[in-house]
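To start, I am sharing the structure in question, which I have written as structure tokens.
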Amino acid sequence: MKTKKIINAGEDAVDEMLDGILLAHGDTLRASASSHRAIIARDGPRDGKVGLVIGGGSGHEPTFVGFVGKGLADAAAIGNVFASPPPDPALACAQEVSGGAGVLFMYGNYAGDVMNFDMAAEMAAMEDIEVRTVLTTDDIASAPPDAAETRRGVAGNFFIFKAAGAACDEMMSLDEVERVARHANARTYTMGVALSPCSLPQTRTPNFDIGPDEMEIGMGIHGEPGIARGPLMTADEITDDMMDRILSEMEASAGDRVAVLVNSLGSTPLMELYIMNRRVQARLADAGLTTHATWVGNYCTSLEMAGASVTVMRLDDELTRLIDRPCHCAMFRIV
Amino acid sequence: MKTKKIINAGEDAVDEMLDGILLAHGDTLRASASSHRAIIARDGPRDGKVGLVIGGGSGHEPTFVGFVGKGLADAAAIGNVFASPPPDPALACAQEVSGGAGVLFMYGNYAGDVMNFDMAAEMAAMEDIEVRTVLTTDDIASAPPDAAETRRGVAGNFFIFKAAGAACDEMMSLDEVERVARHANARTYTMGVALSPCSLPQTRTPNFDIGPDEMEIGMGIHGEPGIARGPLMTADEITDDMMDRILSEMEASAGDRVAVLVNSLGSTPLMELYIMNRRVQARLADAGLTTHATWVGNYCTSLEMAGASVTVMRLDDELTRLIDRPCHCAMFRIV
Amino acid sequence: MGTTGSADLIRAFNAVAASMEENRDHLCALDGVIGDADHGVAMELGFSAVRKALAELGDDASPTDVFNTAARAFLNAVGASSGPLYATAFMRAGAALKGKSGMDDTDAPEVIAAMAGGIAHRGKASPGDKTMLDAWTPAAEAATAAQGQAAAAVFAAAAKAAADGAETTKGMQAKMGRAARLGERAVGHVDPGAASAALVIAAFAGALA
Amino acid sequence: MGTTGSADLIRAFNAVAASMEENRDHLCALDGVIGDADHGVAMELGFSAVRKALAELGDDASPTDVFNTAARAFLNAVGASSGPLYATAFMRAGAALKGKSGMDDTDAPEVIAAMAGGIAHRGKASPGDKTMLDAWTPAAEAATAAQGQAAAAVFAAAAKAAADGAETTKGMQAKMGRAARLGERAVGHVDPGAASAALVIAAFAGALA
Ligand SMILES: Nc1ncnc2c1ncn2[C@@H]1O[C@H](COP(=O)(O)OP(=O)(O)O)[C@@H](O)[C@H]1O
Ligand SMILES: Nc1ncnc2c1ncn2[C@@H]1O[C@H](COP(=O)(O)OP(=O)(O)O)[C@@H](O)[C@H]1O
Ligand SMILES: [Mg+2]
Ligand SMILES: [Mg+2]
Ligand SMILES: [Mg+2]
Ligand SMILES: [Mg+2]
């Protein structure tokens, strides 16, 4: 039996979604004339401003397309569901947002994305657009600390993109923006847990099997297997497990400030996220840390997967300023 | 087998959620000293401003608590999951937000809510707080047009509360705010469809049965049976069915402006909502209507229920101004 | 002639709480068919709050105190439809016993009728609307007809009538509450509030026996 | 000595498209175990885009045109990991046939080796990393060993080696791609990209026979 979805033909889902997005948010977003999978902020390009291009597979909405707008990303290259975009949309993004000061590509660290965006970067270079790349690697479940650079990028994208986008908006140079982006990535830690699968529109088949009373700690946002499978625990136990891992890696000192994101993978409702947040904040307080700001909701999803992630970014003055800087995106705003 | 949830004890879910909300959004929200189920905007009360109190059962987040903040509701009275709050939190809300110009209670038209809020209104009257009540009745599936006043309030709350909250923020009198609220309610039309059930934290049992290839048109946001059950249709077919019903009731003329909300009942992801929006906008354009603004996302949910609703509000100049007016809530912002 | 003291009433409320715990999932299932699947949760929660509040009452609490305490505890724990309805029922029962140190057997019919009257007043439903009133109204009638018997027997007669009344709701279309929008589709299913009403009265009867 | 013309190559690509359609769900299931469950979707989508693009080629298209058109179509339809890998493979194959009006039987080993080389270049995987390269590398070796035979036989030998190579991925821990984070947990499962590689080469062999 196929899973239930409100879609038309499965293979049209991504393009029809983009049509619906542009119809809803035409005041802030447009498609590039050279690639309808390149979604560009109406605000821009700005002379002398570094252009920030983000992107990746569909199915994670509001990541990536929802984070395009003034003060955050200038464009997003959109792939098929859970598939990197090909080079063309990424190239179109680079062309559209280039303000003469270089372009930064930022996306999660996945083999496919790296190959496609690298090809696009080479093509952009041939047009004299300088492109740098910073991969996000916030998923601490996906590799041990000594191989941190091989980790996946997941919900922490939100903070890392935000910091880099604000740096661009502050008119920092490409060197500076790259430095900020790497710094933000290095200070961002995410742990997730999955309870039930999602399914691709084309197959409408659950993308993994999991027992009716099981959960998987560390599952990736495309259903990639995680680090441990076990019986479903309580919210406090799950959150404690996540926070133990995050706090032990984060090496924060009492008095440090952090930003927090409690994120639904899709079908886990706000009620559960806020119950988790209660424990997250208790654990942070116990560790002597101060929460500067908290976001709770659907920020980086895996279609209708059930589960949640917690991201903590360890702030310094610069990151605090950048995270606080106003932005105006179709699906996210800071005022 | 129990459904999976990230919770602790089921009976603690609502209070733990509220703890988590206050920890995340303490800058805009606080609990009343006299009732921890009365969540009050930190902005306010304002002398001479009508206080807007909304409320209802939990499980619909971000409705109701997420819509408390400057420019929208001044307070929300929070019930158990899918259960009206008792009178005490509603009374506490009225006391906290009263600025001497009266208080408006607004909530969905459900027997339990009416009884509890009416009791609270009587208690407030004894303290010389004038309370008026406007029920929302936007769910056109829940009764025929000739019994429109018996309909349920569902996702259209979002627009109706927004208009009333902006009217309060504009310092309109209680008479005027009440008029605006009734007017907004009369012009707001919602149709929903459910694909799969949710479950209460206390029972973790699906709240209705539905076949693996079925959907139910017009199902209520607590899983109350709807008007028709049939095989799952495509996104365009579902949206056409909804829009046929909405347009035929709305009696709009070509050139009229509307506001649109495409809302997830919980686990239906943004991809599906935007695919629906594509068709919503096509149908509105076909009818000669102009979309002034569109919101897409989780605005009025039923925990993890799968399904979606479409709300159309027929605007006039006043409603347009009120919908556009900035507001600053924990889970919703207009700038 | 017998008298039911506050301690006996508290025991009766505790028996209701136990019954609601036991029947929670059943009542939720009934509500799932024509409502929102939470009636068992509301009733369990409400009466367990009542049990807790009554346990904190002093030895000198009057029957009116017992009923008023139950009313407040139920209402604040539950809200929903059942909250105001049962709170009003208990408040009316408390008023009916005002000034008395116990419920005499002859008071029992009036207490039951007062509860039914409170529910009718608060909910504005009529018999036949497919609500808990379709259990409470015949219960009150049966109780009145049993006037002169011991309280336990009065409650037992009322419980029997309530159970029969609940059964009749199967044939009704709902006019009140969430099921009111169902029309024909509600027919064939027992109203959850009527079903729980029969259990509430039966638990009282059992505890007083 | 035989020559495979552009029309034959297009037939071969169409055969691959048909095979991917047929094996879509199987490949998704393989990917579901150690990756993200979409490999069958990517391969079907990619080769159906190739089929469509090739159908629009003029009669005078050279083998190089065919491979380059396939590369572009596959890449733009798919993205993902498979997109750049297969696009590079086809571009290298096109380059190997540059200036020729047909693929001579003696060109076949070089074409297969070029594809394997393209995949290795783009993906930077090594044999044993549990990727499609573990099918393509033995395929290229078998093709080279079959030098002198007809193209169909060369592809058949390559297909056999690719299938054997795919089978060996079961024993490997992944070093590249999504499965790389799995460590031990990937062992025991065939790599989906290796499995599809064997099918791709087999469909070519079948179409050229
Ligand atoms: N106006 C009313 N008068 C009497 N009983 C009512 C009324 N409205 C609802 N009820 C009763 O309440 C029951 C539902 O209670 P419950 O499920 O606890 O509340 P809710 O409907 O708020 O979820 C119904 O089965 C019905 O018996
Ligand atoms: N660096 C690489 N080199 C060679 N093959 C690779 C590499 N990375 C991944 N692959 C292959 O790609 C396959 C997965 O392809 P696919 O599912 O289409 O892409 P994605 O992993 O982006 O979802 C893997 O099974 C593996 O064979
Ligand atoms: Mg993929
Ligand atoms: Mg309820
Ligand atoms: Mg109910
Ligand atoms: Mg894959």
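Convention: sequence-line order gives letters A, B, ...; per-chain numbering from 1.
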Region of A:V81 in contact with chain B, defined by heavy-atom distances below 4.5 Å: side chain

Minimum heavy-atom distance B:L270-A:M331, with the two atoms named: CD1-SD, 4.1 Å

Short side-chain to backbone donor-acceptor contact, A:D236 and B:N8, under 3.5 Å: no

Top of B:E237, B:E272, B:E214 for chain A proximity - count of heavy-atom pairs under 4.5 angstrom: B:E272

Proximity breakdown for B:P62 and chain A, heavy-atom pairs closer than 4.5 Å: both

Residues of residues 11-22 of chain A with any heavy atom under 4.5 Å of a heavy atom in chain B: A:A13, A:V14, A:E16, A:M17, A:D19, A:G20, A:I21

Over 12 non-hydrogen atoms of neighbours within 6.0 angstrom of CG in B:D27: yes

Partner set under salt bridge (Lys or Arg N to Asp or Glu O under 4.0 Å) for B:R42, not counting sequence neighbours: none

Positions in residues 278-288 of chain A that reach chain B, provided some heavy atom is under 4.5 Å away: A:R278, A:Q281

Heavy-atom closest pair, residues B:R204 and A:L232: NH2-CD2, 4.0 Å

Segment of B:M271 engaging chain A (4.5 angstrom heavy-atom cut-off): both

Stepwise side chain to side chain contact (heavy atoms under 4.5 Å, CB included) test for A:I6 and B:I275: CA-CA 8 Å; A:I6 307 182; B:I275 290 173; over 6 Å; no

Which of B:M233, B:H328, B:M215, B:M1 touches chain A most, by non-hydrogen pairs under 4.5 Å: B:M1

Contact class of B:A306 relative to chain A, heavy atoms under 4.5 angstrom: neither

B:I7, part contacting chain A, at a heavy-atom distance under 4.5 Å: both

B:V260 versus chain A, the contacting section by heavy-atom distance below 4.5 Å: neither

Top contributor to chain B contacts, counting heavy-atom pairs under 4.5 Å, from A:S196, A:G297, A:A9, A:A235: A:A235

Max heavy-atom pair count under 4.5 Å with chain B, selected residue of A:V193, A:N277, A:T3, A:L195: A:L195

Candidate pair B:E61 and A:V296, rule side chain to side chain contact (heavy atoms under 4.5 Å, CB included), full reasoning: CA-CA 12 Å; B:E61 293 69 32; A:V296 180; over 6 Å; no

Inter- and intrachain pairs under ring pair (Phe, Tyr, Trp, His ring centres under 6.0 Å), touching residues 191-219 of chain B, at least two apart: none

